Amino acid sequence: MKRVMLVLSSLLIVLTLAACSKSDRTSSTTSPSDKQMASKVPTASDQPTNEADTKVVQDVRQALTSDSSLSTAAQNVTVVASNGTVTLRGSVKDSSEKQKVADKAMQVAGVTNVDNQLTVTQ
């Protein structure tokens, strides 16, 4: 009887460890479609940490915040830079302001392209 209990206990431990191991693997992996979606919609947390991109973001941010004609929302849009491409996300008051923010970003040294994902709130 002790032998049967020992075998059952051992089996229970093995099954528990296997279940934990499988759930750890599945929770830490991301499906390819999730990775693709994340790469299409950059956020501030996606900002590369190289000096050139950091400098571009700082310069775009400075250009926006120093323009008092822009709304507070426009001055605080999300700016992400990667290899010369600046992505703008957030809300602005009208289409004119949306264009003005993109133009300001394009004028910054090191910016080669602007991905204007700003939305207009009415």
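None of the values given here were measured: they were computed from a predicted structure.
- Applying the salt bridge (charged side-chain N to carboxylate O under 4.0 Å, His left out) test to D67 and every residue at least two apart in sequence or in another chain returns K100, K104.
- Side chains of Q107 and D103: no donor on one and acceptor on the other come within 3.5 Å.
- Contact of the V120 side chain with the K93 side chain is not registered, since no non-hydrogen atoms from C-beta on lie closer than 4.5 Å.
- Counting heavy atoms from C-beta outward, V101 and V77 have side chains that approach closer than 4.5 Å.
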- List the steps, then state whether side-chain contact (heavy atoms from CB on, under 4.5 Å) holds for T54 with V57. CA-CA 5 Å; T54 301; V57 169; 5.9 Å; no
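- Across A81 and V56, no two heavy atoms sit closer than the pair CB-CG1, 3.8 Å.
- A donor-acceptor contact shorter than 3.5 Å links the side chain of D53 to the backbone of N83.
- When atom types are taken as modelled, the side chain of T65 and the backbone of Q75 share no donor-acceptor pair closer than 3.5 angstrom.
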- Task: Decide side-chain contact (heavy atoms from CB on, under 4.5 Å) for K98 and D94; before the verdict, give the C-alpha distance in whole Å, the side-chain angles of both, and the deciding distance to 0.1 Å.
- Result: CA-CA 6 Å; K98 177 178 178 177; D94 56 36; over 6 Å; no
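- Between A63 and V108 the shortest heavy-atom distance is CB-CG2, 4.3 Å.
- Using modelled atom types, no side-chain atom of R89 and backbone atom of N116 make a donor-acceptor pair closer than 3.5 Å.
- For the residue pair T87 and Q117, no side-chain donor N or O sits within less than 3.5 Å of a side-chain acceptor on the partner.
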- Determine, stepwise, if the pair T78 / L88 fulfils side-chain contact (heavy atoms from CB on, under 4.5 Å). CA-CA 6 Å; T78 299; L88 302 170; over 6 Å; no
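- Classification of K55 and D59 as a salt-bridged pair holds, one side-chain N sitting under 4.0 Å from a carboxylate O.
- Side-chain contact annotation: S91 with T121, donor-acceptor N/O pair under 3.5 Å absent.
- S71 places no side-chain N or O within 3.5 Å of a backbone atom of V92 that could act as its donor or acceptor partner.
- The two residues A105 and V111 come nearest to each other via the heavy atoms O-CG2, 3.4 Å.
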